[in-house]
Undergrad: 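My structure is below; once you've seen it, I'll send some questions.
So you know, we letter chains A, B, ... as the sequences are listed, proteins then strands, and number each from 1. As the structure is a prediction and not an experimental result, all values here were calculated from the model.
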2 protein chains.
Amino acid sequence: MSPSLATPFAHIVDDDEAIRDALSWLFRTRKVESRAWPSAEDFLAAWQPDWRGCIVLDIRMREMSGLECFDALLERGNTLPVIFLTGHGDVPMAVGALKKGAFDFLEKPFDDNALVDVVIRALESNARRQANQETQANVAGLLAQLTPREQEVMQLVLVGKFNKVIADELNISMRTVEVHRSRVFEKMGVRSAVELAQLLAPGRD
Amino acid sequence: MSPSLATPFAHIVDDDEAIRDALSWLFRTRKVESRAWPSAEDFLAAWQPDWRGCIVLDIRMREMSGLECFDALLERGNTLPVIFLTGHGDVPMAVGALKKGAFDFLEKPFDDNALVDVVIRALESNARRQANQETQANVAGLLAQLTPREQEVMQLVLVGKFNKVIADELNISMRTVEVHRSRVFEKMGVRSAVELAQLLAPGRD
DNA sequence: TTCCACACTGCGGATAACCACAATTGAAGA
DNA sequence: TCTTCAATTGTGGTTATCCGCAGTGTGGAA
């Protein structure tokens, strides 16, 4: 974990320069790094899948609206939490945004500290999610190292079948199953079928 | 699964008799059974943990408000999806309700069909959740049948330890471990440690 | 053509797991 | 007191797993 991952970070997307500046200053005073974007288009053009932090998104902007920007991010598989800011309350809009996965929806005027608190909570909850996702990705990486045959054998091992049965179902000798099984354990970094099951447990096929 | 579980059902909580009647009629036309309650207090007094269906809850009521009623339900461990109805839009209220787990938050006037659609979606999503939860409960029931010693042995089996090692750690003979292990498999309805791990995988200790 | 990854197989031995048969002890209840 | 249940242990035998040693065949990359 590099220090940059631990430092709170927020992307500010708002077409009002005064607000961008105010939020940047606000975040700085609370030790949250930030970067401000003058439009949804600029933000989307620069957006990278590996970005960290969260996104503070104004709803009403001149060209692309915050909601449209949010939809575009969803399509691109964005995983960063999004916090909406809006001047005029609109319940259906807020409900829709939250149901699509936005982290929060704040109505102006809002308490400055409340916004930062929300940002920090968003980052914390996302960090936990991210951690799980990364271990999942590691497992996927290990799985990718298995040959097709090894994966086949593994599936059958995972349902608790005997080598004898597996050999029968795949029409190969027991010895071959043993070899594959052993290679699977080795590549996955486990020492038994039970450990393998545990490793693959949380998100299984 | 009895037929009553498959029949869509909604509790209507609203102190306006005209609305109760209108919603009851609306639901009936869409094959959704319902029961209307004239106040949050009446509803809470009757509420049982094993109720099925969903709850359509008006925000503004004379005595206890819909939000207070919701909080009371949360404290009691309610699992039914709650759909709020409100006359006057209030973004923070809607956001708060959704973040506390409400299924939806509809502003009057709303499309009648839209409400029923939401109710049906709520029931569907809850049915899936409920199904998972029930299999979890079944597993918990099986686990409860294990003696303390059997549970201890099971934990060690689940991390892939050899009987010999388990025997050592518990200061008992290998034979005893074998007996416990075998009893665990029998009670849990599995035939191998791998199956046991899979059974306990989704929600593990 | 040579090298290599992948899949496949046999033999034999060591270790672990599974199981039937058999039995003892202690505590909680009927 | 008699019964039941949980926990414990032993013996001996079968089955499964794990591994080293050894070897064959194939298709693709260098």
Side-chain angles (χ1 to χ4, degrees), chain A residues 136-205, chain B residues 136-205:
Chain A
Q136 278 300 99
N138 290 339
V139 171
L142 294 178
L143 282 175
Q145 291 179 5
L146 300 180
T147 68
R149 201 52 156 174
E150 283 163 357
Q151 302 216 23
E152 270 182 291
V153 172
M154 185 184 73
Q155 292 305 324
L156 299 175
V157 167
L158 282 176
V159 287
K161 293 188 175 170
F162 293 149
N163 289 348
K164 192 203 306 183
V165 177
I166 297 173
D168 224 61
E169 290 189 17
L170 298 181
N171 286 310
I172 55 181
S173 77
M174 237 181 80
R175 186 66 185 90
T176 305
V177 174
E178 288 174 12
V179 172
H180 286 316
R181 181 189 183 113
S182 171
R183 295 283 294 163
V184 168
F185 289 173
E186 188 186 326
K187 288 183 178 177
M188 299 299 290
V190 298
R191 307 195 58 187
S192 70
V194 178
E195 280 182 45
L196 183 65
Q198 299 289 16
L199 184 66
L200 272 50
R204 58 204 203 284
D205 56 308
Chain B
Q136 278 301 98
N138 289 339
V139 171
L142 294 178
L143 282 175
Q145 291 180 4
L146 300 179
T147 67
R149 202 52 156 172
E150 283 163 356
Q151 303 216 24
E152 268 183 290
V153 171
M154 185 184 73
Q155 292 304 324
L156 299 175
V157 167
L158 281 176
V159 287
K161 293 188 174 168
F162 294 148
N163 289 348
K164 190 203 306 182
V165 177
I166 297 172
D168 224 60
E169 291 190 16
L170 298 181
N171 286 311
I172 55 182
S173 76
M174 238 181 75
R175 185 68 187 92
T176 306
V177 175
E178 288 175 10
V179 172
H180 286 316
R181 181 188 183 113
S182 169
R183 295 282 295 162
V184 168
F185 289 173
E186 187 187 328
K187 288 183 177 177
M188 299 299 290
V190 298
R191 307 196 57 187
S192 70
V194 177
E195 279 182 46
L196 184 66
Q198 299 289 17
L199 185 65
L200 272 51
R204 57 203 206 285
D205 58 307

Undergrad: Grab the CD-P distance between E178(A) and dA16(C) for me, whole Å please.
TA: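 To the nearest whole Å, that distance equals 16 Å.
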Undergrad: How bent is the helix from dT1(C)-dA30(D) to dA30(C)-dT1(D), measuring the angle between the end axes built from five pairs each, rounded to 10°?
TA: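 Both end axes considered, the difference amounts to 40°.
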Undergrad: Please figure out whether M174(A) or A193(B) has its closest DNA chain C nucleotide nearer the 5' end.
TA: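 Looking at the nearest nucleotide for each, M174(A) comes out on the 5' side.
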Undergrad: Roughly how many Å is it from NZ in K161(B) to P in dA17(C), rounded to a whole number?
TA: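 To the nearest whole Å, that distance equals 13 Å.
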Undergrad: Which comes earlier along DNA chain C counting from the 5' end, the contact point of R175(A) or that of H180(A), where each point is its nearest nucleotide?
TA: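 Upstream on the strand: H180(A).
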Undergrad: Could you check whether the side chain of E150(A) and the base of dC6(C) have a donor-acceptor pair of N or O atoms closer than 3.5 Å, going by distance alone?
TA: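 Absent.
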Undergrad: Could you check how far CD of E152(B) sits from C1' of dA6(D), rounded to whole Å?
TA: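 Result: 13 Å.
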Undergrad: Which nucleotide, dT9(C), dC18(C), dC18(D), lies nearest any side-chain atom of I172(A)?
TA: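 Minimum distance to the I172(A) side chain belongs to dT9(C).
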Undergrad: Counting only side-chain N and O atoms of S173(B), is one of them less than 4.0 Å from OP1 or OP2 of dT8(D)?
TA: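 Checking S173(B) against dT8(D): no side-chain N or O falls below 4.0 Å of OP1 or OP2.
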Undergrad: Take the protein atom CG of L156(B) and the nucleotide atom P of dA17(C), then report the distance between them rounded to whole Å.
TA: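 The answer, rounded to whole Å, is 13 Å.
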Undergrad: Would you check if N163(B) and R175(B) make a side-chain contact, meaning some heavy-atom pair closer than 4.5 Å?
TA: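 Side-chain contact under 4.5 Å: no.
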Undergrad: Indicate yes or no: at least one non-hydrogen side-chain atom of L156(B) is less than 4.5 angstrom from one of E152(B).
TA: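 Counting from C-beta outward, L156(B) and E152(B) never come under 4.5 Å.
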Undergrad: Nearest 0.5 Å, please: how far is CG in L196(B) from CZ in R191(B)?
TA: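 Here the rounded value is 14.0 Å.
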Undergrad: Whole angstroms only, please: what is the CZ-C1' distance between R183(B) and dC18(C)?
TA: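 Atom CZ in R183(B) sits about 15 Å away from atom C1' in dC18(C).
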Undergrad: V179(A) or K164(A): which one's nearest nucleotide on DNA chain D is closer to the 5' end?
TA: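 Closer to the 5' end of DNA chain D: K164(A).
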Undergrad: For dC18(C), take OP1 and OP2 only and decide whether either is under 4.0 Å from a side-chain N or O of S182(B).
TA: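 For S182(B), the contact criterion (side-chain N or O under 4.0 Å from OP1 or OP2 of dC18(C)) is not met.
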Undergrad: Do side-chain atoms of Q151(B) reach the backbone of L143(B) as a donor and acceptor pair under 3.5 angstrom?
TA: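 Yes; judged by distance alone, with no hydrogens or angles, the pair exists.
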Undergrad: Does dA16(C) have its OP1 or OP2 closer than 4.0 Å to a side-chain nitrogen or oxygen of N163(B)?
TA: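 Checking dA16(C) against N163(B), no side-chain N or O comes under 4.0 Å of OP1 or OP2.
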Undergrad: Return the value, rounded to whole Å, for the distance between atom CZ of F162(A) and atom P of dC18(D).
TA: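 Computing the F162(A):CZ to dC18(D):P distance gives 12 Å.
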Undergrad: Minimum heavy-atom separation for V194(A) and G160(B), please, with both atom names.
TA: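 Looking at all heavy atoms of both residues, the closest pair is CG1-N, 4.0 Å.
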Undergrad: So do K164(A) and V177(A) actually touch side chain to side chain, heavy atoms under 4.5 Å?
TA: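 No - every pair of side-chain heavy atoms lies 4.5 Å or more apart.
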Undergrad: Is any side-chain heavy atom of N138(B) closer than 4.5 Å to a side-chain heavy atom of L142(B)?
TA: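 Contact flag for N138(B)/L142(B) side chains = no.
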Undergrad: Are the side chain of E150(A) and the backbone of T147(A) linked by a donor-acceptor contact shorter than 3.5 Å?
TA: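 Yes; at least one donor-acceptor contact below 3.5 Å.
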Undergrad: Check the distance between dA16(D)'s C1' and R181(B)'s CZ and give it to me in whole angstrom.
TA: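 Taking atom C1' of dA16(D) as the reference, CZ of R181(B) is at 12 Å.
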Undergrad: Are any side-chain N or O atoms of Q198(A) and backbone N or O atoms of A197(B), one a donor and one an acceptor, separated by less than 3.5 Å?
TA: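 Side chain of Q198(A) to backbone of A197(B), a donor-acceptor pair under 3.5 Å: no, none is there.
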Undergrad: Scan residues 140-149 of chain A against DNA chain C and write down, sorted by residue number, each residue with any heavy atom closer than 4.0 Å; if none is found, say none.
TA: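 The answer is T147(A), P148(A), R149(A).
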Undergrad: How many Å lie between CZ on R191(A) and P on dT17(D), as a whole number?
TA: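 Rounded to whole Å, this separation is 17 Å.
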Undergrad: Just to verify, which of K187(A), R183(A), R181(A) counts as forming a side-chain contact (heavy atoms from CB on, under 4.5 Å) with F185(A)?
TA: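 By the side-chain contact (heavy atoms from CB on, under 4.5 Å) criterion, F185(A) pairs with just one of K187(A), R183(A), R181(A): R181(A).
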